[in-house]
Amino acid sequence: MAVIQGATGDWEMVIGLEVHAQVTSNSKLFSGAATSFGAAPNTQVSLVDAAMPGMLPVINRYCIEQAIRTGLGLKAKINLHSVFDRKNYFYADLPQGYQISQFLQPIVGEGVVTLDMGEGVTREIGITRLHLEQDAGKSLHDQHPSQSYVDLNRSGIALMEIVSEPDLRSPEEVAAYLRKIRTIVRYLGTCDGNMDEGSMRADVNVSMRRPGEEYGTRCEIKNINSIRFAQQAINYEARRQVDILEDGGAIAQETRLFDSRKGETRSMRSKEESHDYRYFPDPDLLPLVLTQEEVDAIEATLPELPDAKKARLIADYGIGDYEAGVLVADRVRADFFEAVAKNRDSKLAANWVIGEFFGALNKAEKEISISPVDADALGGLLDLISDDTISGRIAKDVFEVMFETGKSAADIVEEKGLKQVTDTGAIEEMIQAVLDANEDKVEQYKGGKDKLFGFFVGQVMKASGGKANPKAVNEILRAKLGG
Ligand code: ADP
Ligand code: MG
C-alpha cells in the first residue's frame, strides 16, 4: 500500500485499470480483413471496416473463442448471453459514426487475478468484466502540412477491454497487475501483449482517500502504453490530487492525458464535457448466445496457467518461490528450465538458468528462440559440474565460450584442457609447494590466525589454474595443516 504523507495526514492511493488488449486473430471482429502490424496505410480495410452503405457485420467466431479463453484465464464467469451495442460518437477515424462494443451485457463477468508481490505476499485483484469491442482507425497529422489523413487498418480490429475493480493500491501493484495480465494472455495466445506496438494499452483511474475511508473522486488517465509510464503517471497524479485535497480543494472528475516527456498528466476533458454515447443494441447483430458445452470445450484446451505452473515447479523441483516466479513469468523460459532440469539437480538447474543463462540473454538482448545455447547444451554443462569434471567456477568461463561460439561444453573443456584435477597426488604436490613458499604464513596459521586457511586455498587454486577440485584441496590442506 502506497501511503502519501501530506501536511494534514496520510493519503492512500486507490487505482482501477481498464486494459485494452488486441485479440490475436488473423481477421477482424466483424470482417475478414487482415490485422497484421505495420502494413502500409489502408491496405487492410474491407468494405465493412470502411462502413460502406449496406455493409453488414458478421461475428468472427475465433475472436469470440479468444475472449472466452481470456475470461477463463482470469477465473471469470462466462456469460452465455451477451449483447453488442452501438456506442455513438463522431470522429474522422470512425467511418461508421459508432463503435460496436458490449456495454450492459458483456461476454465475461467477474473474475480475479492474483499478484505476487514478493516475499510470499500475494494480492487478489477483482476483475469486474471483460467485453469485446472494435478498434477505431487512426488519424495521421504528420503526413501533410495542412491536411490530416486517415488510416483504417485498425478499424474493426477486435479488442478485449478488461476492467478491474478499484483494488490496486500502489504503482508497484499496478506494474505487477499489468505484467500478470500480459503473462496470462501470452500463455493463452489471446493477445501478444506488446505494449510498444499498441496491442495492450491501459486507462488508469486514480483517486486518493484517507486510509480506510470511502473512495474519493477519481481521474482517468487515458491510453498508457508502457508499464513505466503507468507508474510515473500514477505518482504524478497522486501528488497532484493530494496537493489539491490538502489545500481544501475538491478533485474534479475528468479524463487526463499523460505527457511522457514531461512526466505530467494534463486535463483532456471534464465529466461535463464527456460524451453521451447513446448506447443501444446494434440492430445488425443478434445477441451472442453460447452454450455451456461450447465454453467447457474451450476450457478443456487451456494450457497450464502461470499460477498453476508456479505451484507445480515448486512442488516438483523443490525450487524457491522467487525462482519459480521468475521462471513462469514467461512460458518459454519455464519450458526451457524444465528441459534443463529433467533428470538433473533441479536447484543447480534453476540457479544456472536464472543466473548465467538469463543474464547472458539479457546482456545480448536475445530471446531464447535464437539463443546460441539450447537446453541440451546447458544441460551438458551442468552434467560436467555434477560429475566433477569441472568446478562451478570453471563452468562459468566455459559457459561464456559456449554462448559466444555455440560449441558444446565437453568440446570446450577438451580443447582448453579445463578438466578438473582430481588426482590427489598432484593436488598434494601443489599444496606442498604453496606451503613451502609461505612458511611465515603457515606459522601464523598454526599460531591461531584461522583466516589464513582461505588464503592457502586461493593460492593452490591459482597454481592449478582454477582446475584443482576444491573439495580435495580443502581436505588435503586441512590434513596437512593439522586440524
Ligand atoms: P467508466 O465507465 O466511467 O469508465 P467504471 O465504473 O466502468 O466507469 O470504472 C472504470 C474504472 O474506474 C474501473 O477500473 C474502476 O475500478 C475504476 N474506479 C472506479 N471508482 C474508482 C475510484 N474511486 N478510484 C479509482 N478508481 C476507480
Ligand atoms: Mg472508462
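We count ligands from 1, going down the list as the structure has it; atoms in each ligand are counted the same way.
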>> So if I count the atoms of ligand 1 from 1 in the order they appear, which ones are less than 4.0 Å from some heavy atom of Glu165?
In response: 16 (O)
>> Only heavy atoms of Val14, strictly under 4.0 Å: list the atoms of ligand 1 that pass.
In response: 24 (N), 25 (C)
> Going by the angle between their ring planes, with limits at 30° and 60°, are Phe357 and Phe336 parallel, tilted or perpendicular?
Replying inline: parallel
> Can an N or O of Val163 be found at a distance shorter than 3.5 Å from an N or O of ligand 1?
Replying inline: no
> Does the side chain of Met55 reach to within under 4.5 Å of the side chain of Gln96, using non-hydrogen atoms?
Replying inline: no
> Checking Gln134 side chain against Ile100 main chain: does a donor-acceptor pair fall under 3.5 Å?
Replying inline: yes
> So do Ser101 and Phe84 actually touch side chain to side chain, heavy atoms under 4.5 Å?
Replying inline: no
> Partners of Arg240 by salt bridge (charged side-chain N to carboxylate O under 4.0 Å, His left out), sequence neighbours excluded?
Replying inline: Glu237, Glu254
>> Using a plain distance cutoff, I'd like to know if Pro166 has any nitrogen or oxygen under 3.5 Å from a nitrogen or oxygen of ligand 1.
In response: yes
>> I'd like to check the side chain to side chain donor-acceptor pair (under 3.5 Å) partners of Tyr236; sequence neighbours left out, ordered by chain and number.
In response: none
>> Distance under 4.0 Å to a non-hydrogen atom of Leu17: what atoms of ligand 1 satisfy this?
In response: 14 (O)
>> For Thr128, which part has a heavy atom under 4.0 Å from ligand 1: side chain, backbone, both, or neither?
In response: neither
> N/O of Ser164 under 3.5 Å from N/O of ligand 1, yes or no?
Replying inline: yes
>> With heavy-atom distances below 4.0 Å as the criterion, list the atoms of ligand 1 near Tyr215.
In response: 23 (N)
> Counting N and O atoms only, with roles assigned by atom type, does the side chain of Gln66 sit under 3.5 Å from a partner on the main chain of Gly189, one being a donor and the other an acceptor?
Replying inline: yes
>> With heavy-atom distances below 4.0 Å as the criterion, list the atoms of ligand 1 near Gly216.
In response: 23 (N)
>> I'd like the name of whichever of Glu220, Glu18, Arg218, Glu214 reaches closest to atom 6 (O) of ligand 1 through any heavy atom.
In response: Arg218
